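Here the structure is a predicted model, which means the values were calculated and not measured.
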Amino acid sequence: MCEPSTGAAQSAPQFNLPAFNQESVRHILLGDYSALIDAINRMAVLGYCERIAWSQPLPTGRNGEFISVMTRKRTIP
């Protein structure tokens with residue numbers, strides 16, 4: 001079933017992964033909880049980002065205000 005080894009070790013071919021230069025932009029949403037969720041859902045419907053890319057909305061300490069953050073990266077041509 002198995003062929004005998006010839007004794008010569010064959011090394012795997014080596015290749016270099018391309019280096020990608022990336023820029024990033026961070027989106028920050030501040031506002032009422034329902035407004036944040038609505039904005040995140042609208043951006044997802046438009047195809048700009050996935051809902052799961054956003055952090056869970058957290059209270060800022062101000063009355064009724066929440067914050068959510070999303071970082072988006074793009075490759076520089």
Side-chain angles (χ1 to χ4, degrees):
M1 298 262 166
C2 296
E3 295 183 21
S5 175
T6 59
Q10 294 185 4
S11 62
Q14 293 187 359
F15 60 94
N16 294 327
L17 294 174
F20 293 106
N21 295 326
Q22 290 190 339
E23 292 180 331
S24 62
V25 61
R26 186 162 291 134
H27 297 276
I28 301 170
L29 293 177
L30 286 170
D32 296 327
Y33 185 85
S34 62
L36 264 63
I37 298 302
D38 185 51
I40 290 169
N41 288 337
R42 286 177 187 241
M43 283 186 262
V45 167
L46 292 172
Y48 184 74
C49 62
E50 297 289 327
R51 288 178 184 94
I52 62 171
W54 288 90
S55 68
Q56 183 67 32
L58 299 171
T60 64
R62 293 181 180 169
N63 189 23
E65 185 179 70
F66 287 78
I67 184 171
S68 184
V69 179
M70 188 267 294
T71 301
R72 184 165 184 194
K73 294 185 179 188
R74 71 177 190 130
T75 302
I76 303 170

| Connected via hydrophobic side-chain network under 4.5 Å: Phe66 and Met43 |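 Yes.
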| field | Single-linkage hydrophobic cluster Met70~Ile37, side-chain heavy atoms < 4.5 angstrom | value |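 Yes, same cluster.
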When rounded to the nearest 0.5 angstrom, what distance separates [atom1] in [X] from [atom2] in [Y]?
X     : Y     : atom1 : atom2 : value
Tyr33 : Leu58 : OH    : CG    : 10.0 Å
Asp38 : Asp32 : CG    : CG    : 11.5 Å
Lys73 : Arg26 : NZ    : CZ    : 9.0 Å

| said: If you count every heavy atom of other residues, nucleotides or ligands that lies below 6.0 Å from Leu46 atom CG, does the total exceed 12? | reply: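 Correct, the count exceeds 12.
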| said: Quick check: do Val45 and Arg51 have side-chain heavy atoms less than 4.5 Å from each other? | reply: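 Val45 reaches Arg51 side chain to side chain.
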| task | Please examine the side chains of Trp54 and Leu36, heavy atoms only from C-beta on, and report whether any two atoms are closer than 4.5 Å. | result |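 In short, these two side chains do not touch, never coming nearer than 4.5 Å.
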| task | Spell out, as yes or no, whether a donor-acceptor pair under 3.5 Å connects the side chain of Ser55 to the backbone of Ser68. | result |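 Side chain of Ser55 to backbone of Ser68: no pair is present.
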| said: Keeping Arg72 on the side-chain end and Tyr48 on the backbone end, is there a donor-acceptor pair under 3.5 Å? | reply: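 It does hold such a pair.
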